[in-house]
Each structure stands twice: as structure tokens, then as C-alpha cells.
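To find a chain, count down the sequence lines: A is the first, B the second, and so on, and within it residues start at 1. Computed from heavy atoms alone, side chains included, the values below leave out hydrogens, waters and symmetry copies.
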Amino acid sequence: MRDAGSTTQLNGWVRRRRDHGGVIFVDLRDRTGITQVVFDPQIDEKAHALADSVRSEYVLNVSGTVRERAPGEILINADATFQDELTDDATLSAEFRSLFSELDTKYTLSDKININIREHGKHWLLTDIENNRTYDILCEDNALNIYQGTVNPELATGEIEVAVDTLHILNTAKTPPFPVEDDIDVSEDIRMKYRFIDLRRPEMQKTLEMRHKAALTARNYMNEHGFLEIETPILMNSTPEGARDVLVPSRLNPAKFYALPQSPQQFKQILMMSGVDRYFQIARCFRDEDTRADRQLEFTQLDIEMSFAGVDDVFDVTEGLMKSIFELAGEIPVQIPFLRLPYHESMARFGNDKPDTRFGMELTDLSDVMADCDFQVFTNALGAGGQVKAIAVPGGADFSRKDIEDLTDFVATYRAKGLAWVKVTSEEFSSGIVKFFKAEHLETAQEKTGAKPGDIMFFVADRPKVVADALGYLRLHLGKKLNLIDETQYNFLWIVDYPLFEWNEDQNRFEPFHHLFTGATENTLHLLDTEPGKVQGQHYDLVCNGYEICSGSVRIHQWDVQQKIFDLLNISAEEVKNRFGYFIDALEYGTPPHAGIAPGLDRIVMLMRNEENIREVIAFPKSQQGQCLLTNAPSTVTEEQLEELSIRVDVDT
RNA sequence: GGACUCGUGGCGCAGUUGGUUUAGCGCGCCUGCCUGUCACGCAGGAGGUCGCGGGUUCAAGUCCCGUCGGGUCCGCCA
């Protein structure tokens with residue numbers, strides 16, 4: 001199709017039409033990109049006349065001749081000797097350049113030019129990359145004629161166009177509510193309502209394609225490594241732990257409900273018990289919880305489980321999988337193996353278990369240092385069993401009162417009662433609270449946080465959870481705000497050595513940190529009866545750039561251990577029998593040791609596309625209220641439908 | 001469940017302490033002109049229940065209450 005002179009046929013949508021009275025240009029868009037097609041009455045009068053009625057987003061079929069874009073108007077008539085300068089290295093003399101600048105300032109050449117030799121000794125294409133302008137230079141009648149170029153360096157197909165001899169208008173279109181092009185400034189609700197138009201935009205097409213490639217790559221990789229793709233039920237049992245289930249009433253079983261899977265967790269373990277050995281599935285998962293920028297009601301996991309496998313086996317498979325996906329689908333190089341970071345160290349250094357390690361500003365514990373200072377905010381917090389921690393923000397000594405106030409409000413979101421700060425200059429520490437400290441307090445703080453003159457140190461003193469949240473999110477917030485993050489970098493990191501349980505203060509009981517079926521490490525298993533809080537789980541997360549992109553564990557495969565977990569979590573025998581009876585049962589029939597993981601496809605594609613919002617990589621996403629603005633789901637149903645389900649609705653609609 | 005924020009022609013926005021514009025601007029749209037544009041250009045034109053409901057007031061896009069919808073976050077969720 002690139003070959004000039006050949007005839008071609010194109011189908012596509014009209015991106016824009018430019019009518020010059022005599023000649024009409026149309027940018028025709030299809031999945032592969034944009035091509036300029038030309039309607040010239042001298043080529044075909046009928047096609048040209050018909051093109052007059054064409055408007056944006058009309059669907060066209062055109063036939064015509066592919067041709068190199070013709071030179072435009074003659075701009076400059078130059079001496080033929082100048083052609084010696086038209087070489088590949090593209091260094092033009094001041095005299096040559098002045099031919100352009102004397103004409104009109106808009107033709108002034110930048111330094112970034114490129115010369116393309118089309119016909120040796122006859123035709124050159126001069127591209128001014130910075131100004132997006134091209135010139136055709138032709139040697140004619142012993143002179144060098146410089147034409148206003150009509151090549152569009154911004155288009156991939158910019159060197160050619162199709163001269164149309166036949167036009168079929170396959171369909172007309174209403175004027176779209178927003179233009180079908182990248183970098184549009186349109187609110188998201190409009191985009192979601194007209195998703196069919198939004199998805200036509202090149203960047204959305206690119207996302208759809210990348211997502212497809214990611215899934216395809218995953219399938220190929222899993223297949224090559226001996227994994228079977230097996231579908232598990234979408235209609236299954238509700239489980240008491242974890243997220244809220246999305247419930248589906250059963251017509252055949254009045255007053256009973258299915259739940260949509262939060263993940264295929266139990267089924268994939270059953271498959272291991274069934275001798276499948278290696279399973280995977282591109283599985284849709286449902287969790288009826290409030291959404292976030294990186295969370296939807298329904299999302300997709302690359303669900304993986306393998307028998308006779310431990311942590312290292314899962315890591316090997318996952319690292320290879322991530323490398324394949326990021327490199328083949330995202331064209332992003334990945335180094336394996338990934339670093340491993342213990343959970344407690346992650347919490348200590350970054351305040352959370354999904355650290356963005358593309359920049360520093362790590363948290364520093366100053367509890368010991370500040371134990372004997374006179375600042376009661378610190379000493380009181382320490383006295384109550386809390387911590388004092390700090391971060392050093394580069395260049396923060398320039399922060400205004402207002403800046404600091406805003407940051408104080410920011411950390412208040414995470415229940416921090418305040419944000420103490422000390423500015424570091426080459427002469428002094430400056431802050432309203434300096435008087436409460438001896439010189440060595442602040443000097444040690446500076447040394448430990450690594451603050452340099454010109455920086456500011458922010459301190460939070462509170463319960464460990466509050467300190468971690470406040471400083472951890474403050475670090476992220478400032479990292480973004482101060483542009484400390486290299487967007488081209490992808491930092492993969494395993495978080496390991498999680499505790500098996502977490503103490504729930506409100507309900508005064510232990511909760512599984514990951515889920516009910518996570519196994520303990522061999523050397524801490526014996527603490528299950530005595531000190532459950534100290535049992536270490538065989539749970540792992542894979543983190544990239546501050547997002548949790550995979551989560552998994554080595555599972556419990558002995559029924560007595562599983563029973564112990566249920567007991568410890570106060571799940572009654574009856575409930576176990578009702579909810580997990582089959583599972584406990586199955587465990588007793590020869591369950592192999594097994595382990596698994598579930599990479600989140602949406603977040604992976606989001607990272608590869610450098611998006612901060614999961615809706616950007618889902619073809620038909622839901623709003624924060626869980627509504628589909630395109631189809632208006634969810635919606636009310638008829639009385640008859642409800643009656644069949646034995647359901648009565650208790651709200652006015 | 002809660003906090004913040006946004007809602008004004010098709011789209012993006014402006015609209016001062018409540019009254020002076022006839023609610024503006026840019027893009028888009030329509031009509032006409034234009035043979036090399038690619039953000040084409042030029043001339044003219046159409047298009048508004050100011051999300052919805054209630055209240056305060058002589059007077060509400062503007063103030064108050066409620067409600068619906070978009071977004072970010074806390075709780076929630078792994």
C-alpha cells in the first residue's frame with residue numbers, strides 16, 4: 001500500500017475534512033492509523049461532488065491511487081549550486097538557511113532537520129523536525145526550486161496520499177460529542193456514555209491491542225510451561241471471609257443465592273486435589289466493595305496454581321510470565337529475578353507493603369533519638385507505645401507556610417494529628433519547635449534522614465499504623481509533586497515474610513492477613529497454639545511502582561492444619577461444614593502440596609500504558625457508583641421477574 | 001457510612017460581594033467562498049429549562065437545604 005502508483009481500497013471513519021473549494025482532503029482513520037485521501041475533480045468529478053457532503057465520523061469506502069504527496073507551491077528559486085549541500089548529514093550553510101528566513105519567519109529552519117534523497121540529483125525532501133514542516137526541493141531547468149512540502153511528518157502515512165476515483169459513503173454519522181483524537185479534554189462521564197466513540201481514539205485502540213497481547217502472551221507462556229487453562233464456575237457459594245460477595249438469586253432455589261467469585265480460590269485448590277498439577281485461567285473476579293482509581297467491581301486475574309511447588313517455583317514462573325508480558329506486549333525490558341523485601345522492612349522503610357521504589361525519601365525511625373527531647377508531642381506518643389519517624393524532603397526548605405499547612409491537611413486524612421517540620425539550612429535548623437530539642441537531637445535526625453541544607457524534615461509521632469500511613473502517603477504525594485519519579489522505570493519487588501494473621505482491634509480477634517488457606521512457614525508453624533501473631537505466612541505479593549500486581553501463597557494442604565486455622569479464627573464447626581465442608585473433605589483425600597498466585601491483568605496493562613486509572617484499560621468500565629454509563633446497568637427489573645425469584649424490594653424506586 | 005471537589009449551548013471553560021449586559025469566550029456545528037491543506041483560511045449564522053427539587057430575597061447561574069450524577073480519598077477491599 002505504500003507503493004506509489006498502486007491502486008488501493010480503504011475503509012474507515014472520517015477524522016476531519018478540509019474543503020479547499022477545488023480539492024477536498026479527508027483524513028481517513030481505521031484501526032491501523034490515519035491516511036489522507038484526496039478528492040480532486042480532475043481525477044473524478046463524481047467522487048469529488050459526493051465528498052462535499054462528507055462529515056466527521058462518516059464511514060467511507062474509497063478506491064484510488066496511492067501517490068507520493070505532490071510538491072506544493074514554489075517558494076524559492078535558488079541557485080543550482082546549492083544542491084551540493086543536500087546530503088545525508090544535513091548541515092546547511094547560513095546562505096542556504098537565509099533563503100528561507102528571508103521569505104517569511106514561519107519558514108525559518110530549526111537546527112533539527114533531515115534530508116531525504118528521493119531521486120538522486122533531482123528531488124530531495126527536507127524535513128524540519130522541530131517545526132513539523134517539509135519542503136520539496138527539485139532540480140529543474142538548471143535551477144533549484146524549493147516547494148512548500150506537502151508531506152506531513154506527524155503522520156505515519158504522511159509521505160503518501162490516496163487520490164480517490166471512487167467513493168462509497170457506507171454510512172453517515174451524527175456529529176460526535178467529542179473529537180475522535182488523542183489528548184482530548186473531555187469529562188469521563190461523557191467518554192463512558194459514548195464509549196463506542198471513545199474507543200475509536202488511537203490511544204484507546206492501542207490500549208485494547210496491548211491488553212489483548214498481554215492476555216495472549218500469558219496464554220502462550222502458561223501453555224509452554226505445562227499449565228492447563230480450566231474454567232471454574234461463575235455461580236458459586238458465598239464465603240463469609242474477605243470482601244462482600246456479589247449475590248445472584250436462584251430462581252430454582254427460592255431464598256438461596258449464588259455468589260460471583262471474588263477469585264477462583266477454592267476451585268483452583270480443588271483442581272490441585274484433582275491432580276491437575278498446573279492450572280491457570282484468565283478469570284473475571286467480582287468484589288462488591290467501593291471502587292478506587294485502581295479498583296473496579298469486576299476485574300481480571302491471571303489465576304495460577306501449581307502442585308508440588310513452593311515459593312521459589314511460583315516466583316520462577318511468575319517472573320518469567322511478567323518478563324514475557326512486559327517485553328512482548330508492553331515493549332518494556334524486565335530484569336529477573338526480582339528483588340525480595342521482607343514485609344516488616346517494607347513497612348519500616350516505606351510505610352506500606354506496596355512501595356514505589358523509584359525514588360528515595362525513605363522513612364527513618366527516630367523513636368530512640370527523640371526519647372529524651374522536650375517536645376511533648378513526641379514524648380507523649382512514645383510513652384503511649386508509639387513511634388516518631390521522619391522523612392527528609394529535598395528542596396523542602398523553600399516550602400511556604402501554606403505548603404506545609406496543605407501537607408498537614410493531607411496527613412490528617414490518615415489520622416495524623418499533626419505534621420512537625422524542621423527546615424535545614426547551612427547555618428541552622430529553623431522551625432517553631434526547634435526550642436524543644438537539643439542540638440544533638442536535630443543533628444542526629446539530620447544525619448539519620450540524610451537531610452541536606454535546603455531540605456525539610458517532616459516528623460509524625462503516633463501509633464505505628466498512623467505513622468506508617470501518614471508518612472508513607474506523604475512520601476508518595478511529594479514524590480509525585482516534586483517530580484522525583486522516573487516514569488520510564490519499572491521496579492518489580494517481591495514482598496515476602498508476611499505474618500499469617502493480623503490482630504483486628506475492633507473485633508478483638510485474629511484475621512487472616514491474606515486468606516484462610518495460606519500456609520505457615522515450617523519453622524513458625526508450632527507457634528500457632530501459643531503465639532498466633534508471630535506465625536509467619538507463606539504469602540507473597542509482587543509490587544511494581546507502588547501497585548500490588550500479584551498476590552499469592554503456598555496453601556495449607558493438611559486438613560488438620562486447615563481445621564486449626566478455622567478454630568483459631570473462631571469459625572464455628574457448623575459454619576465450616578456449611579461453607580467449606582467439601583473443602584475440608586477434599587483435603588483428607590490426598591491433597592498434594594500446592595501454591596499459587598494471581599497477577600492482576602488490569603493493573604499490569606495500566607502500568608504498561610502508564611495510566612493512573614484502571615478505567616482507561618477496561619473496554620467498558622463502571623463508574624465509582626458501579627454503574628455502566630453506557631448501558632445504564634444496574635437497573636430495576638419487573639415485578640414478574642422479582643416474583644419468580646421470590647424477592648421483595650424494600651425501597652422506593 | 002464519611003470528607004473534599006466538579007456539574008453553565010454538542011465539548012472545554014469564564015461569569016466579582018446576589019442586580020448592567022440580551023449569560024460571555026474558545027473549539028465544534030450550519031451556510032457561503034476558496035485547488036495543496038493537514039489545528040486549513042475568510043465571511044456570516046444557529047444553538048442555553050445555568051444537573052434536578054425546594055427555600056431565602058423586591059431580585060438567584062451566584063446564598064441556604066435536599067437530591068442526582070462524575071472524580072479523588074478515608075472507611076472498606078488484597
Handout entry: Donor-acceptor side-chain pairing of A:Asn145 and A:Asn77 below 3.5 angstrom
Key =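 Yes, side-chain donor-acceptor contact under 3.5 Å.
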With the side chain of [X] defined as its heavy atoms from C-beta on, choose the nearest nucleotide among [options].
X        : options                : value
A:Gln627 : B:rG70, B:rG71, B:rA78 : B:rG70
A:Arg415 : B:rG71, B:rU35, B:rC74 : B:rC74
A:Ala293 : B:rU72, B:rG75, B:rC38 : B:rU72
A:Thr175 : B:rG36, B:rG70, B:rG28 : B:rG28
A:Gln148 : B:rA39, B:rG71, B:rU37 : B:rU37
A:Arg18  : B:rG69, B:rG12, B:rC38 : B:rC38
A:Asp185 : B:rG12, B:rA78, B:rG69 : B:rG12
A:Met192 : B:rA78, B:rG70, B:rC74 : B:rG70
A:Ser623 : B:rG71, B:rC73, B:rG36 : B:rG71
A:Arg15  : B:rG36, B:rC38, B:rA78 : B:rC38

Exercise for the section: Assign each of A:Asp27 and A:Arg244 to its nearest nucleotide of RNA chain B by heavy atoms, then name whichever residue's nucleotide is nearer the 5' end. Expected result: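 Taking each residue's closest nucleotide, the earlier one in sequence belongs to A:Asp27.
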Practice task
Could you check A:Asp19 against A:Thr413 and say which one's nearest nucleotide on RNA chain B is further toward the 5' end?
Solution key: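 First, find each residue's nearest nucleotide; the 5'-ward one identifies A:Asp19.
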If you measure from the [atom1] atom in [N] to the same atom in [M], how many Å do you get, rounded?
N      : M      : atom1 : result
B:rG28 : B:rC38 : P     : 13 Å
B:rC73 : B:rU37 : P     : 47 Å
B:rU67 : B:rC76 : C1'   : 25 Å
B:rG9  : B:rC65 : P     : 24 Å
B:rC13 : B:rU57 : C1'   : 30 Å
B:rA23 : B:rC68 : P     : 31 Å
B:rA60 : B:rG54 : P     : 13 Å
B:rU62 : B:rU21 : C1'   : 16 Å

With heavy atoms under 4.0 Å as the rule, sort [X] into base, sugar-phosphate or nothing.
X        : result
A:Val26  : nothing
A:Gly600 : nothing
A:Ile24  : nothing
A:Glu188 : sugar-phosphate
A:Ile184 : nothing

Practice task
Check whether any side-chain N or O of A:Arg287 sits under 3.5 Å from a backbone N or O of A:Asp245 as a donor-acceptor pair, and report yes or no.
Solution key: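 Not at all, since once roles are kept as given, no pair shorter than 3.5 Å links the two residues.
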Problem - Whether A:His20 side chain and A:Gly22 backbone form a donor-acceptor pair below 3.5 Å - result: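 Such a contact is absent between A:His20 side chain and A:Gly22 backbone.
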Starting at [atom1] of [X] and ending at [atom2] of [N], how long is that distance when rounded to a whole Å?
X        : N      : atom1 : atom2 : answer
A:Tyr414 : B:rC73 : OH    : P     : 8 Å
A:Phe25  : B:rG41 : CZ    : P     : 14 Å
A:Arg55  : B:rC30 : CZ    : C1'   : 8 Å
A:His20  : B:rC33 : NE2   : C1'   : 13 Å
A:Phe513 : B:rA78 : CZ    : P     : 12 Å
A:Asn632 : B:rG70 : CG    : C1'   : 14 Å
A:Leu155 : B:rG36 : CG    : P     : 19 Å
A:Asp353 : B:rC77 : CG    : C1'   : 13 Å

Practice task
Evaluate the side-chain proximity of A:Val162 to A:Thr35: yes if any heavy-atom separation is below 4.5 Å, no if none is.
Solution key: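 Yes, their side chains come closer than 4.5 Å.
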Would you say a side-chain N or O of [X] is under 4.0 Å from OP1 or OP2 of [N]?
X        : N      : value
A:Gln296 : B:rC77 : no
A:Arg295 : B:rC76 : no
A:Gln624 : B:rU72 : yes
A:Asn613 : B:rU72 : yes
A:Gln42  : B:rU35 : no

Practice task
Go ahead and name the base partner of B:rC25; Watson-Crick or wobble counts if both distances stay under 3.5 Å, otherwise write none.
Solution key: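 B:rC25 is paired, partner B:rG12.
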Exercise for the section: Can you tell me the pairing partner of B:rC63 across any strand shown, Watson-Crick or G-U wobble, with both distances under 3.5 angstrom? Expected result: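 Checking every strand shown, B:rC63 finds its partner in B:rG55, with both distances under 3.5 Å.
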Counting distance alone, no hydrogens or angles: does the base of [N] have a donor or acceptor under 3.5 Å from a partner atom on the side chain of [X]?
X        : N      : answer
A:Arg16  : B:rG28 : no
A:Arg69  : B:rC38 : yes
A:Arg17  : B:rC38 : no
A:Arg67  : B:rG36 : yes
A:Asp189 : B:rG7  : no
A:Arg287 : B:rC77 : no
A:Glu161 : B:rG36 : yes

Exercise for the section: Using side-chain contact (heavy atoms from CB on, under 4.5 Å) as the criterion, point out the one residue from A:Met306, A:Arg555, A:His594 that pairs with A:Lys268. Expected result: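 Among A:Met306, A:Arg555, A:His594, the one that satisfies the side-chain contact (heavy atoms from CB on, under 4.5 Å) with A:Lys268 is A:Arg555.
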Practice task
Take A:Phe25 and A:Phe39, measure what ring pair (Phe, Tyr, Trp, His ring centres under 6.0 Å) needs, and give me the verdict at the end.
Solution key: CA-CA 6 Å; A:Phe25 300 100; A:Phe39 298 92; 9.6 Å; no
Problem - Approximate separation, where rounding is to 0.5 Å, of A:Asn116 CG and A:Leu126 CG - result: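 Going from the CG atom of A:Asn116 to the CG atom of A:Leu126 covers 10.0 Å.
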Handout entry: Other residues, nucleotides, ligands: >12 heavy atoms within 6.0 Å of A:Trp13 CH2
Key =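 It does not: A:Trp13 CH2 has 12 such atoms or fewer within range.
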Exercise for the section: Indicate, with yes or no, if the rings of A:Tyr135 and A:Phe100 have centres closer together than 6.0 Å. Expected result: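 Close enough - the centres of the two rings lie under 6.0 Å apart.
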Practice task
Answer yes if the ring centres of A:His539 and A:Tyr498 are under 6.0 angstrom apart, and no otherwise.
Solution key: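 For A:His539 and A:Tyr498, the ring centres are under 6.0 Å apart.
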Exercise for the section: Mark this stacking check for A:Phe178 against B:rC11 as yes or no, applying ring centres under 5.5 Å and ring planes under 30°. Expected result: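 Stacking is absent between B:rC11 and A:Phe178, given that the ring centres and planes do not meet under 5.5 Å and under 30°.
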